[in-house]
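Below: the structure, in structure tokens.
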Amino acid sequence: MQDDALFTAFQYQAICDSLPDPTFILTESGRYVAVLGGKDKRYYHDGSSLVGRRIADVLAPAKTAWFEQQIQRALTGQQMLVVEYELSAHDVLGLPTEGPEERIWFEGRISALEQLYDGEKAVLWVASNITASKELQQQLQLHALSDELTGLHNRRRFMQALDAAYAGFTRHARPACLLCFDVDHFKTINDGQGHPVGDQALRDLAQAVQQLAEDDYLVCRLGGDEFAVLCQERSMAQVMAFAQQLLIRGRQALASYAAGGKAPSLSIGLAHFTASDTSMEDIMRRADQAVYISKVQGGHQLSTSEHCLG
């Protein structure tokens with residue numbers, strides 16, 4: 001085996017320069033002492049121009065503060081620090097603000113160096129482009145929280161959001177309402193026209209609800225023909241008005257699927273969060289009870305847990 005002492009300084013430099021991921025030596029004050037590697041041109045630009053400059057000369061103030069904080073963490077902990085971060089054109093000084101907004105994700109591996117550089121402590125920062133794996137991770141997460149048929153949020157995402165909304169209500173008194181609904185005579189569509197037609201009816205309904213809902217409303221398909229909309233930071237009157245419009249738009253979206261003389265419509269139940277709710281299950285139960293009231297009174301109705309409105 002070749003002795004390390006046989007490597008010349010030139011050979012060591014050639015090895016460092018050939019590293020696929022860029023490796024930075026950064027001082028405690030945020031100065032670039034050296035930039036090594038980064039030869040994988042699919043992901044990296046030449047960083048040699050950074051040498052001698054400071055992070056604050058290159059990045060926006062918020063990003064600069066974050067990078068300097070990580071350097072201090074690595075120097076204080078004296079252990080390799082692994083972080084994930086993103087950069088875009090808006091984070092880099094001197095680039096046009098109207099430039100591409102695509103963010104690039106990196107994994108940084110940061111280690112404190114024993115030697116001082118120009119009298120300063122320093123770290124070795126290896127930056128690996130993980131954008132592809134990050135995007136795949138985000139896509140998988142999105143699929144895990146989306147309903148495959150309609151593209152709406154699914155039950156799992158709904159339960160997460162409802163739990164967070166309940167916590168916000170109990171801790172900070174943030175108002176919220178839960179609106180649940182299902183399709184009247186949906187079985188008639190499936191039985192008379194087939195399940196593929198029933199699936200299309202649900203897709204058309206989902207699209208209509210999504211177009212009607214405010215951007216910050218969480219629209220979910222819970223399963224079958226059951227849906228829910230979580231509305232936060234809205235008054236009961238505002239949500240009631242939305243629900244009344246939903247009755248109209250829902251019937252319009254489903255009008256072409258009428259079968260056996262029965263026009264599909266919606267039975268809607270509405271429950272606002274109250275101090276008497278001891279859990280999010282209490283809220284769901286009251287909304288379900290309101291749906292049942294609408295259903296037994298003939299459908300195409302909006303009910304609350306206190307009242308029934310035609």
Side-chain angles (χ1 to χ4, degrees), residues 147 149-155 157-166 168-169 173-186 189 201-258 262-277 280-310:
D147 176 59
L149 177 66
T150 63
L152 299 177
H153 298 292
N154 63 12
R155 177 180 285 273
R157 176 70 183 100
F158 167 73
M159 296 303 292
Q160 291 176 353
L162 184 62
D163 182 55
Y166 179 69
F169 173 76
R174 292 174 183 160
C177 293
L178 174 60
L179 185 151
C180 293
F181 61 93
D182 65 18
V183 179
D184 302 321
H185 313 302
F186 183 67
I189 300 175
L202 295 178
R203 284 191 285 265
D204 289 349
L205 174 61
Q207 183 179 18
V209 178
Q210 194 77 291
Q211 290 174 348
L212 182 64
E214 299 285 345
D215 290 340
D216 57 348
Y217 285 7
L218 189 81
V219 183
C220 308
R221 179 183 177 224
L222 302 181
D225 63 323
E226 298 178 357
F227 296 80
V229 183
L230 181 60
C231 312
Q232 300 185 72
E233 304 289 350
R234 295 292 193 279
S235 68
M236 188 65 167
Q238 288 175 308
V239 180
M240 290 276 283
F242 164 73
Q244 291 285 7
Q245 286 296 312
L246 182 56
L247 280 176
I248 298 171
R249 294 285 292 273
R251 172 165 276 187
Q252 291 173 345
L254 298 170
S256 62
Y257 298 97
K262 297 179 179 180
S265 56
L266 305 182
S267 288
I268 304 177
L270 182 58
H272 64 287
F273 291 27
T274 68
S276 61
D277 293 319
M280 63 181 186
E281 285 76 14
D282 286 347
I283 303 164
M284 291 183 64
R285 183 176 62 254
R286 291 192 294 105
D288 287 340
Q289 289 172 345
V291 172
Y292 177 75
I293 293 173
S294 293
K295 187 71 68 177
V296 298
Q297 293 192 355
H300 190 52
Q301 294 196 30
L302 162 63
S303 303
T304 71
S305 49
E306 296 87 13
H307 305 92
C308 177
L309 302 177

Are the side chains of [X] and [Y] in touch, meaning some heavy atoms are under 4.5 Å apart?
X: L205; Y: F181; value: yes
X: L254; Y: L266; value: yes
X: C180; Y: E226; value: no
X: M240; Y: T304; value: yes
X: L179; Y: Y217; value: no
X: S267; Y: H300; value: no

Candidate list Q244, E214, R234, test side chain to side chain contact (heavy atoms under 4.5 Å, CB included), partner V239, passing option =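 Per the side chain to side chain contact (heavy atoms under 4.5 Å, CB included) rule, the option paired with V239 is R234, out of Q244, E214, R234.
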Under 3.5 Å, is there a donor-acceptor pair between the side chain of [X] and the main chain of [Y]?
X: R221; Y: G224; result: yes
X: R157; Y: L152; result: no
X: S294; Y: I268; result: yes
X: Y166; Y: D277; result: yes

For a quick test of reading the model, state the closest non-hydrogen atom pair linking [X] to [Y] and the distance between them.
X: L178; Y: F273; result: N-CE1, 4.2 Å
X: A290; Y: L270; result: CB-N, 3.7 Å
X: A213; Y: V219; result: CB-CG2, 3.8 Å
X: A228; Y: L222; result: CB-CD1, 3.9 Å
X: R249; Y: A208; result: NH2-O, 4.0 Å
X: V183; Y: P264; result: CG1-CB, 4.3 Å

Look up atom [atom1] in [X] and atom [atom2] in [Y], then write down how far apart they are to the nearest 0.5 Å.
X: L247; Y: Q252; atom1: CG; atom2: CD; result: 11.0 Å
X: I189; Y: L202; atom1: CD1; atom2: CG; result: 7.5 Å
X: S265; Y: H185; atom1: OG; atom2: NE2; result: 5.5 Å
X: Q160; Y: L162; atom1: CD; atom2: CG; result: 11.0 Å
X: D147; Y: F227; atom1: CG; atom2: CZ; result: 7.5 Å
X: F158; Y: L218; atom1: CZ; atom2: CG; result: 8.0 Å

Candidate list D184, D288, D225, test salt bridge (charged side-chain N to carboxylate O under 4.0 Å, His left out), partner K295, passing option =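 Between K295 and the candidates, salt bridge (charged side-chain N to carboxylate O under 4.0 Å, His left out) is satisfied uniquely by D184.
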